[in-house]
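We use all heavy atoms of the structure for the numbers below, so side chains are in, but hydrogens, waters and symmetry mates are not. Labels below follow one simple rule: chain letters A, B, ... track the order of the sequence lines, proteins then strands, and each chain is numbered from 1.
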Number of protein chains: 2
Amino acid sequence: MTTIKEIARRANVSIGTVDRVLHNRGRVSKETKEKVRRIIEQLDYRPNIFARNLKLSKAFSFGVLMPNPSQDSKYWELPIKGITKAQNELLAHKVRITYFHYDKYSENSFKRASNAAFKANLDGLLLAPVVSEVFDKFVQEIPDHLPYIFFDSFVPNANYVSYIGQDSFQSGVLAGRLMEILVKEKATIAVIKFLPRDYHIDDRASGFLSYLGENSKISPKTYEVDSSGSIEYCQQITESIINDNQNLCGIYVTNANTHPIAECIKSKSLAGKIHIIGYDLIEENIRYLKEGVIDFLISQMSEKQGYEGVFALYKHVVLKETVNKRMRMQLDIITKENVDYYQS
Amino acid sequence: MTTIKEIARRANVSIGTVDRVLHNRGRVSKETKEKVRRIIEQLDYRPNIFARNLKLSKAFSFGVLMPNPSQDSKYWELPIKGITKAQNELLAHKVRITYFHYDKYSENSFKRASNAAFKANLDGLLLAPVVSEVFDKFVQEIPDHLPYIFFDSFVPNANYVSYIGQDSFQSGVLAGRLMEILVKEKATIAVIKFLPRDYHIDDRASGFLSYLGENSKISPKTYEVDSSGSIEYCQQITESIINDNQNLCGIYVTNANTHPIAECIKSKSLAGKIHIIGYDLIEENIRYLKEGVIDFLISQMSEKQGYEGVFALYKHVVLKETVNKRMRMQLDIITKENVDYYQS
DNA sequence: ACTTTTGTTGTGAACGTTAACGCACTTTAA
DNA sequence: TTAAAGTGCGTTAACGTTCACAACAAAAGT
């Protein structure tokens, strides 16, 4: 392995000069710079990260800006799991992580959280921009020197380092295919869109409908519900949906809020008759999956999103490696039979 | 962060003594050892890996003992992809990887490969023990000081560091469930076991049959084929299977050799009528999956197996961290709609 | 002709860990 | 009894990188 010392020797300069060239810190004459540059390229020099980090041994501080973990049926606990895992692995690398949680439904709460994040003197920020309008403005205010990575969803025109998330439309297409396999005969399907203003929701539904559009035997019917879906409320909806469609064979729920619907179907002893496809490996969903009430859950790999998010920040900020601008998460199909292998 | 220096200060000894305690290198009195141990625990000391590796800066050499990548329908190219990825990420960490390929069907070839591996002065070995009888003997001959990790399959009573692979039985169960969903009416299903002596094959078939045993509407029929399955040979088998069962609605192939069967079904224009479930994301399988001839592929996460295998070796050998004795790979369900997200 | 500034380069300490070495002392063997 | 071997500890150089600082010369300002 080539070292700075070796380069210095070949260029007849000191290691200090080589260092200045490497880091563009000026104070080197053009000719020397050129000479050193050539030798660096020629020898394909790569800095020894152990030595670099030993010397620097700076504590890096990352922030995570995301909704309260209790919201969205505790969905947000999943990425936190992954973040915690990454945090443990990076313990020796002096990475500190601070959470800035906000209430999805309160702009004030978000402002408080984001202000705190800005004041925290962070080296990097991982954020889930679930409230579109608010975040459009917010990303403009992020200081230039603070690199940030989106997970879950993203703001298109922002100057982000990377976006880690799922292709929502295609996950809807996948759900369509699965639903088609599940219901064989002519049938009506309900698509339930809780909180239709949230990211993903629309894209997932569009994907689902676009797939089934090519198929004549299934007629989907969409229901928008502007609430996070309490169990009583879901009871009402489910009943009205069942009454609406005498030939209802399946329900597609476009987010993690699948379990209350499952509970209703179960309580009406319709499990197996009305198939359910939903999202995300939260505890309650898993319970109904194992009971056979939910047929398929599509996973966003939420845990991995958190894990990869932190690692991408680490690579970008600490190791100064380049990270992919887009990390597509797999569209995992989870059933009763394989769910146990998806929980760490 | 606690350092050796700090521990030495608190214990009133030199850093040399602390180092000896940490590495059990003797030459320390019982009392001092105890005292230092207590302080180490108390402060939750963790060595700085940057400093350690900077100092050591030894080049580590790992070996990979596995079948020729061309065998099993080029299945083995998949783990190699993952190994290569890990190799690139560990470039700066001075990890060198040497392959020792063998012909699955030649014991001589295996002996040559394994001897070469033993002579190569390795720091760790990653191996896929696909030929059971031969490997039972082989693992006894591995020198004590050479740590090894199994991937794909494993030898039960060996002294391995970790085994990375899939739960074959359960993957059969999963295939059973999917098959049940695919074929609705009373139907006959063929289970094709190519190379029934290979690992996995039996377990997968058992899992499949055990699931369908609880279900009366599907009657499975097993076919054992003691060949890797040339296209002509598969033609014969497929025809005889179709002739055998007038009500054939599905075929379950227990390994990567799914594509020749798919080709036959396609050429007979039976795609969609006879459903196919198979294994592994090799190129040809993916083609038939996208064409709609294969309904589901179950992935062993072969790429990840290679990747994690190398990293587990790295963690065990280089970082001296503890690694899990068993790393279960997920049972990924792959369809036409999500396959693109499973290829890096 | 002098100080001051600017430009270019070299020097050396520090980061935390490892392990060889040396010193003083004690035990064992011939 | 005396050399050899063993025990318990401290000291120190080295790994490769970073960066503050010193050193010196040349150019610019007074």
Side-chain angles (χ1 to χ4, degrees), chain A residues 1-40 43-60 90-95 123 317-321, chain B residues 1-40 43-60 90-95 123 317-321:
Chain A
M1 277 283 146
T2 338
T3 68
I4 284 188
K5 216 169 167 181
E6 170 72 8
I7 294 166
R9 201 182 54 78
R10 298 216 193 194
N12 267 321
V13 294
S14 72
I15 58 165
T17 305
V18 177
D19 184 64
R20 275 182 289 261
V21 173
L22 278 169
H23 297 88
N24 277 317
R25 289 206 262 104
R27 303 188 147 250
V28 186
S29 72
K30 242 188 200 159
E31 304 84 56
T32 328
K33 201 194 278 189
E34 267 321 298
K35 189 171 55 174
V36 173
R37 278 255 166 78
R38 253 207 328 280
I39 296 176
I40 288 174
L43 298 187
D44 189 28
Y45 165 80
R46 293 166 193 232
N48 180 317
I49 43 163
F50 296 127
R52 162 177 292 170
N53 284 286
L54 172 59
K55 184 61 190 55
L56 294 175
S57 87
K58 184 201 162 200
F60 292 92
L90 292 176
L91 241 158
H93 299 231
K94 315 206 177 187
V95 171
D123 300 294
V317 176
V318 182
L319 303 184
K320 288 181 182 159
E321 293 178 4
Chain B
M1 275 285 145
T2 342
T3 69
I4 283 188
K5 216 168 164 183
E6 171 71 8
I7 293 166
R9 200 182 56 77
R10 299 216 194 194
N12 268 318
V13 295
S14 73
I15 59 166
T17 305
V18 177
D19 185 63
R20 275 183 290 263
V21 173
L22 278 170
H23 296 89
N24 279 316
R25 288 205 264 105
R27 296 180 152 260
V28 186
S29 73
K30 240 186 199 164
E31 304 84 57
T32 327
K33 201 194 278 188
E34 267 321 297
K35 188 171 58 175
V36 173
R37 278 254 166 79
R38 254 207 328 279
I39 295 175
I40 287 173
L43 299 186
D44 189 29
Y45 166 79
R46 297 171 190 226
N48 180 317
I49 43 162
F50 296 128
R52 162 177 293 171
N53 285 285
L54 171 59
K55 184 63 193 45
L56 295 176
S57 90
K58 183 200 160 200
F60 293 92
L90 292 176
L91 240 157
H93 298 231
K94 315 206 179 187
V95 171
D123 300 294
V317 176
V318 182
L319 303 184
K320 289 182 181 159
E321 294 177 5

Atom pair distance, as rounded to whole Å: CG in Asn53(A) and P in dT18(D): 9 Å

All side-chain hydrogen bond (donor to acceptor under 3.5 Å, both in side chains) counterparts of Thr2(A), not counting sequence neighbours: none

Test item: Tyr45(A) and Ile39(A) side chains (from C-beta on) under 4.5 Å apart, heavy atoms: no

Nearest-Å distance for atom pair CG/P, residues Asn48(A) and dG16(C): 16 Å

For nucleotides 24-27 of chain D, list the nitrogen or oxygen atoms of the protein found under 3.5 Å from its nitrogen or oxygen atoms, one pair per line.
none

Partner set under side-chain hydrogen bond (donor to acceptor under 3.5 Å, both in side chains) for Ser29(B), not counting sequence neighbours: Thr32(B)

Helical bend (five base pairs per end, nearest 10°) for the helix from dT3(C)-dA28(D) to dA30(C)-dT1(D): 50°

4.5 Å side-chain heavy-atom contact, Thr3(B) and Asn48(B): no

Ser14(A) side-chain N/O to dG10(C) phosphate OP1/OP2 under 4.0 Å: yes

Qualifying salt bridge (charged side-chain N to carboxylate O under 4.0 Å, His left out) pairs with a residue from residues 46-55 of chain A, counting only residues at least two apart or across chains: Asp44(A)-Arg46(A)

Contact residues, residues 29-38 of chain A to DNA chain C [heavy atom, < 4.0 Å]: Ser29(A), Thr32(A)

CD1 on Ile4(A) to CD1 on Ile15(A), rounded to 0.5 Å: 7.0 Å

Listed partners of Asn12(B) passing side-chain hydrogen bond (donor to acceptor under 3.5 Å, both in side chains), at least two apart: none

Pairs involving residues 11-30 of chain B, ordered by first then second residue, that meet salt bridge (charged side-chain N to carboxylate O under 4.0 Å, His left out) (sequence neighbours left out): Asp19(B)-Arg25(B)

Which residues share a side-chain hydrogen bond (donor to acceptor under 3.5 Å, both in side chains) with Arg37(B), sequence neighbours left out: Asn24(B)

Letter per nucleotide, 5' to 3', of nucleotides 18-24 of chain C [B base touched, S only sugar-phosphate touched, - untouched; heavy atoms, 4.0 Å]: BB-----

Lys33(A) side-chain N/O to Val28(A) backbone N/O, donor-acceptor pair under 3.5 Å: no

Where Ala8(B) and Ser14(B) come nearest, the two heavy atoms and their spacing: CB-C, 3.8 Å

Selection residues 1-14 of chain A - residue pairs positive for salt bridge (charged side-chain N to carboxylate O under 4.0 Å, His left out), sequence neighbours left out: Glu6(A)-Arg9(A), Glu6(A)-Arg10(A)

Where Phe60(A) and Val317(A) come nearest, the two heavy atoms and their spacing: CD2-CG1, 3.9 Å

Rounded interatomic separation in angstrom, taking CD1 from Ile49(A) and P from dT18(D): 12 Å

Spacing of Ile40(A) atom CD1 relative to dT17(D) atom P, expressed in whole Å: 11 Å

Between C1' of dA14(D) and CZ of Phe50(B), the distance in whole Å: 19 Å

